[in-house]
Participant: 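Structure in structure tokens, see below.
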Amino acid sequence: MRRRDFMMTIAGGLAVSELAGLCSAAPDQSPPTAQHKEPQMYTLTKLPYAFDALEPYIDARTVEIHHTKHQQTYVDKVNAAIKDYPQLQGLPINDLIADLDRVPEAIRTTVRNNGGGVANHELYFAMMRPGKQENRPIGKLAAAIDSQFGGFDQFQQKFSAAAVAQFGSGWGWLSLDKQGKLAIETTPGHDTPVMFGRKPVLVVDVWEHAYYLKHQWRRADSIADWWHLINWDFAERNFAG
Ligand SMILES: [Fe+2]
């Protein structure tokens, strides 16, 4: 089975930590040769569903362009950035962006923007599934949300308000810190809680390219639709795994 087909088969059932290793460059299994060693580059992960699987909440054309054009561009640009830096090749994408200080200054901003773009889109697409009218968290995550935010409805309201208020392009997150505390946060550009030592549990893309064809300027409506698409099994594994 080709690596891409394998990733398509299983990506829908993996948590963040598992996904990071799979969606990034895999260890080189080929025997070493004296003449030539292939650089280990990132690839575009296949979606765990069809382009139209998220209808009517996200239209098929938006999913297709978002994945095959925007995400592909981030993959291409981060690969181009690390092309001449073999010490950075072969790392899981979250490892590459978690410690930007070790990335040479000449390519640090490019890696931050485009490596973040790769990591965030892999997570965003993997964390959705065909929509449900009633779609609520489960298990330990549901209990933690109740405990820390006073219930799912209050959490949903706070999360949506934060994501809507993010100025310009960025991302809305539920993240987990090293003390096990959940927090709602937003990041600009393609920054991620991973860059600040926190673990993503839930993510929504609030760049206009994520919703403009269907929702135009109505970011709040796009987020209201996104709640129907969350794969809460995936989020639960992010939290409890
Ligand atoms: Fe995006």
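Just so you know, these numbers use all the heavy atoms, side chains as well, and skip hydrogens, waters and symmetry mates. We count ligands from 1, going down the list as the structure has it; atoms in each ligand are counted the same way.
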Participant: Any donor-acceptor pair under 3.5 Å linking the side-chain atoms of W173 with those of T192?
Facilitator: no

Participant: With 2.8 Å as the threshold, which protein atoms of type N, O or S lie near the Fe ion (ligand 1)? Leave waters out.
Facilitator: H66 NE2, H121 NE2, D205 OD2, H209 NE2

Participant: Going by an N to O cut-off under 4.0 Å, is there a salt bridge joining R136 and D153?
Facilitator: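 Salt bridge between R136 and D153, a charged N being under 4.0 Å from a carboxylate O: yes.
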
Participant: Please confirm whether the ring centroid of W217 lies under 6.0 Å from the ring centroid of Y211.
Facilitator: no

Participant: Check whether the side chains of D76 and Q72 place a donor and an acceptor atom closer than 3.5 Å, and report yes or no.
Facilitator: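 On atom types as modelled, these side chains qualify, holding a pair under 3.5 Å.
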
Participant: Output, in order, the C-alpha distance, side-chain angles, deciding distance and verdict of side chain to side chain donor-acceptor pair (under 3.5 Å) for E185 and S175.
Facilitator: CA-CA 7 Å; E185 60 181 300; S175 64; 2.4 Å; yes

Participant: Please, which pairs that meet ring-ring contact (aromatic ring centres under 6.0 Å, His included) have at least one residue in residues 98-122, sequence neighbours excluded?
Facilitator: H66-H121, Y74-H121, H121-W171, H121-H190, H121-H209

